[in-house]
Asks: 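Supplied in structure tokens, the structure appears directly below.
Hydrogens, waters and symmetry mates are skipped; everything else that's a heavy atom, side chains included, is used. Chain identifiers are assigned alphabetically (A, B, ...) following the order of the sequence lines, protein sequences preceding nucleic acid strands; residue numbering begins at 1 within each chain. Owing to the predicted nature of the structure, the values given are computational and were not obtained by experimental measurement.
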There are 2 protein chains.
Amino acid sequence: MDNDFIKELGYKSLDSRLKRVSDRMSRDIRKLYKELDVDIEPNWYLIFMFLQKKEKCSISYIAEHLGYAHPSIVVIVKKMSEKGYLKTEQDHLDKRKQIISLSDKANKLIPKLEILWNSCEKAILDILDNDLSILTYLDNIDLKLEETSFHFRFKQEYLNSKNKL
Amino acid sequence: MDNDFIKELGYKSLDSRLKRVSDRMSRDIRKLYKELDVDIEPNWYLIFMFLQKKEKCSISYIAEHLGYAHPSIVVIVKKMSEKGYLKTEQDHLDKRKQIISLSDKANKLIPKLEILWNSCEKAILDILDNDLSILTYLDNIDLKLEETSFHFRFKQEYLNSKNKL
DNA sequence: AAAATTTATGTAGTTAACTACATAGTTAGC
DNA sequence: GCTAACTATGTAGTTAACTACATAAATTTT
């Protein structure tokens with residue numbers, strides 16, 4: 001874009017900037033999934049991959065390790081189960097827990113999904129010009145926000161400004 | 001987070017990673033706005049700032065220069081007008097167009113908002129460790145996606161993979 | 001000058017995240 | 001062993017973006 005106001009604002013609009021990029025990417029991913037008539041939602045890929053690695057685990061375990069709030073995972077797991085991609089069994093020791101795992105249907109589909117995931121990966125690598133150092137910056141942001149939340153930082157800066165007046 | 005699966009996936013989950021960071025930031029910004037009982041929505045700041053610069057312009061002009069779809073702007077402008085922060089008049093030459101500008105109420109509030117925006121800015125600068133080079137990477141991603149959409153890139157990679165089989 | 005196309009705005013419904021709240025089961029403290 | 005606190009899951013409603021469609025006005029084509 002020629003006159004991109006958000007870009008012009010620089011770091012001031014960092015969150016809008018990040019949101020805009022990720023929104024564009026997920027929109028385009030969704031578009032191709034639709035075109036190819038894939039039966040799964042784009043945002044299920046993290047759950048598929050995580051369960052490939054972990055095999056069996058509970059909803060809150062998934063939420064914690066993906067860094068999402070648990071209701072987000074509850075909703076995705078519900079949809080994936082309805083489509084037959086997940087098996088759920090109750091934990092015998094702790095009856096509150098649901099033990100989630102991939103179904104046979106999921107395991108059969110995964111090779112096809114992997115072609116899709118790998119293509120997406122290549123497209124990402126391409127837009128990054130094979131330079132992965134942006135990840136270092138993202139790691140650092142994550143680290144800083146873990147240390148002290150953005151809410152706290154923002155609030156402190158605000159209170160400082162008020163005191164100076 | 002100790003075991004962060006999204007981080008572990010690296011560039012493969014770039015879009016989820018970007019989304020997660022921006023979501024966290026906007027959530028925290030919203031939280032402080034609520035705490036301080038500010039009468040405006042966090043995502044209005046781009047419109048306020050843009051109209052400070054442009055003074056008068058149409059909805060689609062705003063949409064184009066912020067890089068959003070027009071209905072997003074329509075909705076925000078509607079809410080801001082209802083709260084009395086925007087004036088709208090019909091363009092005499094082109095009766096389809098609405099000419100939008102900041103109201104007196106908006107101009108009176110802006111000094112207070114600027115304290116907030118500046119504090120947010122400082123917090124962002126702080127999490128970036130005063131190193132703005134992440135912006136260069138984002139600029140580059142924007143540039144690449146402008147050249148060739150992510151949808152096209154992803155599709156090409158997918159078709160290539162299919163042909164190789 | 002009529003018809004076709006394009007542009008500006010608006011509306012309705014979708015998505016993927018969230019918070020706040022509810023409920024049931026588990027663990028800890030006394 | 002009862003009560004209180006915590007944990008796992010689930011539900012309802014919110015948010016900010018979107019697409020698809022609708023309509024009216026302006027512009028272009030024929």
Asks: Enumerate all atom pairs, one protein N or O and one N or O from nucleotides 23-26 of chain D, separated by less than 3.5 Å.
Replies:
from	atom 1	to	atom 2	distance (Å)
D/dA25	N3	B/Arg96	NH1	3.4
D/dA26	OP1	B/Leu93	O	3.4
D/dA26	OP1	B/Lys95	N	2.9

Asks: Report the residues that fulfil salt bridge (charged side-chain N to carboxylate O under 4.0 Å, His left out) with B/Glu41, sequence neighbours left out, ordered by chain and then residue number.
Replies: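 Per chain and number, B/Glu41 pairs via salt bridge (charged side-chain N to carboxylate O under 4.0 Å, His left out) with B/Arg30.
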Asks: Residues in salt bridge (charged side-chain N to carboxylate O under 4.0 Å, His left out) with A/Asp91, at least two apart?
Replies: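 Applying salt bridge (charged side-chain N to carboxylate O under 4.0 Å, His left out) to A/Asp91 gives none.
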Asks: In whole angstrom, what separates A/Tyr61's OH from D/dT7's P?
Replies: 17 Å
Asks: With sequence neighbours excluded, tell me which residues meet ring-ring contact (aromatic ring centres under 6.0 Å, His included) with A/Tyr137.
Replies: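 A/Tyr137 satisfies ring-ring contact (aromatic ring centres under 6.0 Å, His included) with B/Tyr137 once adjacent residues are dropped.
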Asks: Taking only residues at least two apart or on different chains, which pairs with a member in residues 72-98 of chain A satisfy ring pair (Phe, Tyr, Trp, His ring centres under 6.0 Å)?
Replies: A/Phe48-A/Tyr85
Asks: Begin from the C-alpha positions of A/Tyr45 and B/Ser16 and carry the test side chain to side chain donor-acceptor pair (under 3.5 Å) through to its verdict.
Replies: CA-CA 10 Å; A/Tyr45 84 106; B/Ser16 305; 2.7 Å; yes
Asks: Quick one: which residue pairs count as a salt bridge (charged side-chain N to carboxylate O under 4.0 Å, His left out) with a foot in residues 106-125 of chain A, not counting sequence neighbours?
Replies: none
Asks: Take the C1' atoms of the five end pairs on each side of the helix from C/dA1-D/dT30 to C/dC30-D/dG1, get both axes, and report the angle to 10 degrees.
Replies: 10°
Asks: Just to verify, what does B/Asp131 make a salt bridge (charged side-chain N to carboxylate O under 4.0 Å, His left out) with, not counting sequence neighbours?
Replies: none
Asks: Salt bridge (charged side-chain N to carboxylate O under 4.0 Å, His left out): which pairs involve residues 73-85 of chain A, sequence neighbours left out?
Replies: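 Of all non-adjacent pairs touching residues 73-85 of chain A, those that pass salt bridge (charged side-chain N to carboxylate O under 4.0 Å, His left out) are A/Asp39-A/Lys83.
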Asks: For a quick check of understanding: with a heavy-atom distance under 4.0 Å over all strands, which category does A/Ser58 fall into, base, sugar-phosphate or nothing?
Replies: sugar-phosphate
Asks: Tell me, for nucleotides 10-20 of chain D in 5' to 3' order, what letter each nucleotide earns: B for a base near a protein heavy atom under 4.0 Å, S for only sugar-phosphate near one, - for neither?
Replies: BB---SSSBBB
Asks: How would you list all residue pairs meeting salt bridge (charged side-chain N to carboxylate O under 4.0 Å, His left out) that involve residues 42-52 of chain B, not counting sequence neighbours?
Replies: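 Every pair satisfying salt bridge (charged side-chain N to carboxylate O under 4.0 Å, His left out) with a residue in residues 42-52 of chain B: there are none.
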Asks: Who pairs with A/Tyr68 by ring-ring contact (aromatic ring centres under 6.0 Å, His included), at least two apart in sequence or on another chain?
Replies: none
